[in-house]
Amino acid sequence: MRDECFIRGKVPMTKSEVRAVSISKLELERYSFADTVLFDIGAGTGSVAVEAALGGHCKKVYAIEKNPEGLSLIQKNSEKWGVASKIVTVEGEAPDAFAGVERPTHAFIGGSGGRMGEILERLLEWNPKIRIVVNVVSIESLSEINRFLTVYGKTADMVLLSVAESKKVGNYHMMQGKNPIYIVAFGGEEEAKETVQALGRGRILLAAPKSGSGKTLLTCGILQVLKNRGIASASFKCGPDYIDPLFHREVLQIDGSNLDTFFASREEVRQLVAEKEAYFTVIEGVMGYYDGLGGTELRASSYDVAAATQTPVILVVDGKNCSLSIAALIQGFCTYRPDSRICGVICNRMKKEMYQLLAPKIEELGVRALGYVPELPQFHLESRHLGLVLPEEIESIQESLAELAGCLEETLDVEQILQLAAAAPRLDRATEKVHKEEEKENREEGKELVGEEERIRIAVAKDEAFCFYYPQNFQSLREEGAELLFFSPLHDKELPKGISGLLLGGGYPELHAKALSENESMRESVLRAYQEQLPILAECGGFLYLHQTLEDEKGKAWPMVGAFLERAWKQEKLGRFGYVTAQAQNNGLFECGEEIRGHEFHYWESSNAGSDMCAKKPTGHRSWPCMIHNSVLLAGFLHLYYPSNPQLPKRFVHACRRYQKKKVSQGQKTLGC
């Protein structure tokens, strides 16, 4: 069909010549009509979906598109050509939008949104026999597909299509070339394999006898090795730590997540990992392998996470100044619990000669000796009062990680690590899928009730001073209808325009007190928002930012926002530390008596840390007053895990919606407009 046959807009469209070859490569006619389900991913105007449906070989075509204009054009074009009953439009970005639709037999990918690897992984996981056709323009995208094909042992049919069409110039017709397109086609019944067992799947957990053994270094190095090999990876961090996932993100360029069996149930933790089943997943442990609540329980330990997720464990042991005694240490960890799941050992800070002598002794214990890491002072990760320094503070971190990965390729048995990970049993995602479908239905129902014009915009402080956030907290807010707008209290001059809520997370404001103080226009903007009763969630560092003054590391006090007429100062030792359950003592964003889980970890103190909630340790009987809490504000030292009480994000977004409606009813624009 000619391009002029379609209703067009500003949305990209697969042109007629490319469309003809691509649909031909799908080989729809070779399959049973009753079973053929086509995904048109990045459908644009719907030209591929419409023409495939007109061919009469598809039972159903799902046109997946995130652009509202594109969704409208797909609907109009399918109605124009009488195939609306065969085409289902799906709003969203692949692969997230796959939830709740039929299993595809074919897929055409015209746009991936930078998530090509994830999309291909999910499609092949869903149906190893699927036929896939991809259109790409750049050499980089073609290289990414080639790496994927190599990992999965797939042979592709590749075509470089260059098209020129005539254009009248004066009395002559000249041929004018269009951008060449790579068309890559692979898969199908004839060459279907057990793709889900391909190299590069599975998961491992890196544990250690104690903190400081090298877990973060090994985790980042292994992630870089996997990335260099073209293996799509995901990462998690056991426990409440914020900083280690930031290092993971430097390698993967995606947000890492936390796995915590105090914050969430074992089933919820299991489902978080199940969502990453298509990836090679590396889980970094916390503290010592068996260290849990109160230092005396197994709950919330790395061992507890390994048990909940049925993940093979590699023990990272510090081998400096140690020889045969290391075997006794390893044996103790392997036998302390009969289901320890420890199946391999990496010796950190050990010389090659010593490792070669000890490796046979280690394997006599029934675990695999997976290699060693020599002393690498150039990769030492410095610490400060809240843990490791941030990755952006390390010069040339990407170059350092590349060098580290090169070292690990030589000293670790990467192939054995891949084999151990592949032995991890697949996790049942049935519960997770039902949950996601229910969430989608609820969001769609909510969208009809609220209306697109009432979307709630929440500003989120995120820069060098404020960077401690759980991705699950963001997800909880988004599921309630929030749009998150990130801004920098250090570098921006004022809050984002049109917001109805504010999130001030933890971080290191004390290290940037001078710069935060000197940004007077931002401080004034935040103070006005507070005075206008803009709903605010402020945790630890964000709570300190709202004070009248904040001391830096040298003890100098700097003016801050001044929402609270209190001062914040440095203590010589760590204050309250560890997991807590906080119970509301009044009504507000919580109802009196409601609880939420979180953790507290800080050296700075406030002249008024709040008393509207009561923090209780999960072990023992210790408790203390905390938090400032009302219907539009929750502020204090606690770092909260929102999914442990879903009412918090729900009520906070509702408070933001009330604020928005109040501003409209007053005949004013929302804050900042």
Side-chain angles (χ1 to χ4, degrees), residues 3-15 19 38-53 60-102 104 107-116 118-119 122 135 137 436-460 474-475 477-486 496-501 653 656-657 660 664 669-670 673:
D3 293 340
E4 292 77 13
C5 295
F6 295 94
I7 302 171
R8 302 277 298 276
K10 295 181 180 180
V11 180
M13 184 177 79
T14 303
K15 301 301 190 292
R19 192 166 60 245
L38 170 65
F39 277 12
D40 181 6
I41 299 169
T45 59
S47 61
V48 171
V50 168
E51 196 154 353
K60 188 72 69 177
V61 180
Y62 287 91
I64 300 167
E65 176 58 47
K66 63 181 180 180
N67 188 323
E69 182 184 359
L71 292 166
S72 175
L73 290 172
I74 294 166
Q75 189 65 37
K76 291 176 182 178
N77 281 314
S78 60
E79 290 173 354
K80 175 181 177 179
W81 290 100
V83 290
S85 61
K86 287 188 177 182
I87 298 178
V88 178
T89 56
V90 179
E91 181 179 8
E93 184 175 357
D96 303 333
F98 293 172
V101 300
E102 296 176 73
F108 169 76
I109 305 176
S112 66
R115 303 177 70 181
M116 182 69 72
E118 293 180 62
I119 294 170
R122 191 73 63 85
N135 285 181
V137 177
K436 291 295 183 183
E437 288 169 13
E438 290 175 351
E439 286 178 356
K440 183 178 180 183
E441 291 174 3
N442 292 338
R443 286 197 299 272
E444 290 174 351
E445 181 181 350
K447 191 177 291 184
E448 293 175 3
L449 294 174
V450 176
E452 187 66 25
E453 72 280 359
E454 294 187 23
R455 291 180 67 188
I456 297 304
R457 309 175 84 199
I458 297 175
V460 180
F474 288 161
Q475 181 65 21
L477 292 170
R478 290 185 175 112
E479 286 167 0
E480 296 301 331
E483 176 187 357
L484 305 184
L485 305 178
F486 297 101
K497 298 182 184 299
I499 62 170
S500 300
V653 172
C656 296
R657 186 166 283 118
Q660 186 185 58
V664 171
K669 293 184 178 179
T670 313
C673 286

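The nearest pair of heavy atoms linking I87 to S78 is CD1-CB, 3.8 Å. Here the closest non-hydrogen pair linking V11 and G70 is CG2-N, 3.6 Å. Of all heavy-atom pairs spanning L38 and F108, the tightest one is CD1-N, 3.9 Å. Closest of all the heavy-atom pairs between I64 and A97 is CG2-CB, 3.9 Å. Heavy atoms only, all atoms of each residue included: I456 and C656 are closest at CG2-CB, 3.5 Å.
Under a 3.5 Å cut-off, the side chain of R122 and the backbone N or O of D96 do not form any donor-acceptor pair. In this structure, E69 contributes its side chain and K10 its backbone to a donor-acceptor pair below 3.5 Å. Within the 3.5 Å criterion, the main-chain N or O of A49 finds a donor-acceptor partner in the side chain of D40. In this structure, E93 contributes its side chain and K66 its backbone to no donor-acceptor pair below 3.5 Å. A distance-only check finds a donor-acceptor pair linking the side chain of E65 to the backbone of G44 [under 3.5 Å].
Surrounding NZ of K15 are more than 12 heavy atoms belonging to other residues, nucleotides or ligands, all under 6.0 Å away.
Within the model, atoms CD1 of I499 and CD of E483 stand 12.0 Å from one another, a figure rounded to the nearest 0.5 Å. Atoms CE and CZ, on M13 and R8 in that order, are 3.5 Å from each other to the nearest 0.5 Å. If you take CG on D3 and OG1 on T14, they are separated by 9.5 Å, rounding to the nearest 0.5 Å. Annotation: the span from R457 atom CZ to L485 atom CG amounts to 4.5 Å, rounded to 0.5 Å. The structure places CD of E79 at 11.0 Å from OG of S85, a figure rounded to the nearest 0.5 Å.
With a 4.5 Å cut-off on side-chain heavy atoms, V88 and V101 do not count as touching. Side chains of T45 and I7 form no contact here, defined as non-hydrogen atoms less than 4.5 Å apart. With contacts defined as side-chain heavy-atom distances shorter than 4.5 Å, the pair K76/K80 does not qualify.
When each of V61, I74, V83 is checked for a side-chain contact (heavy atoms from CB on, under 4.5 Å) with V50, only V83 meets the rule.
Below 30°, between 30° and 60°, or above 60°: for F98 and F39 the angle between ring planes is between 30° and 60°, a tilted geometry.
Between E102 and K60 there is no salt bridge, since no side-chain N of the basic residue sits under 4.0 Å from a carboxylate O of the acidic one.
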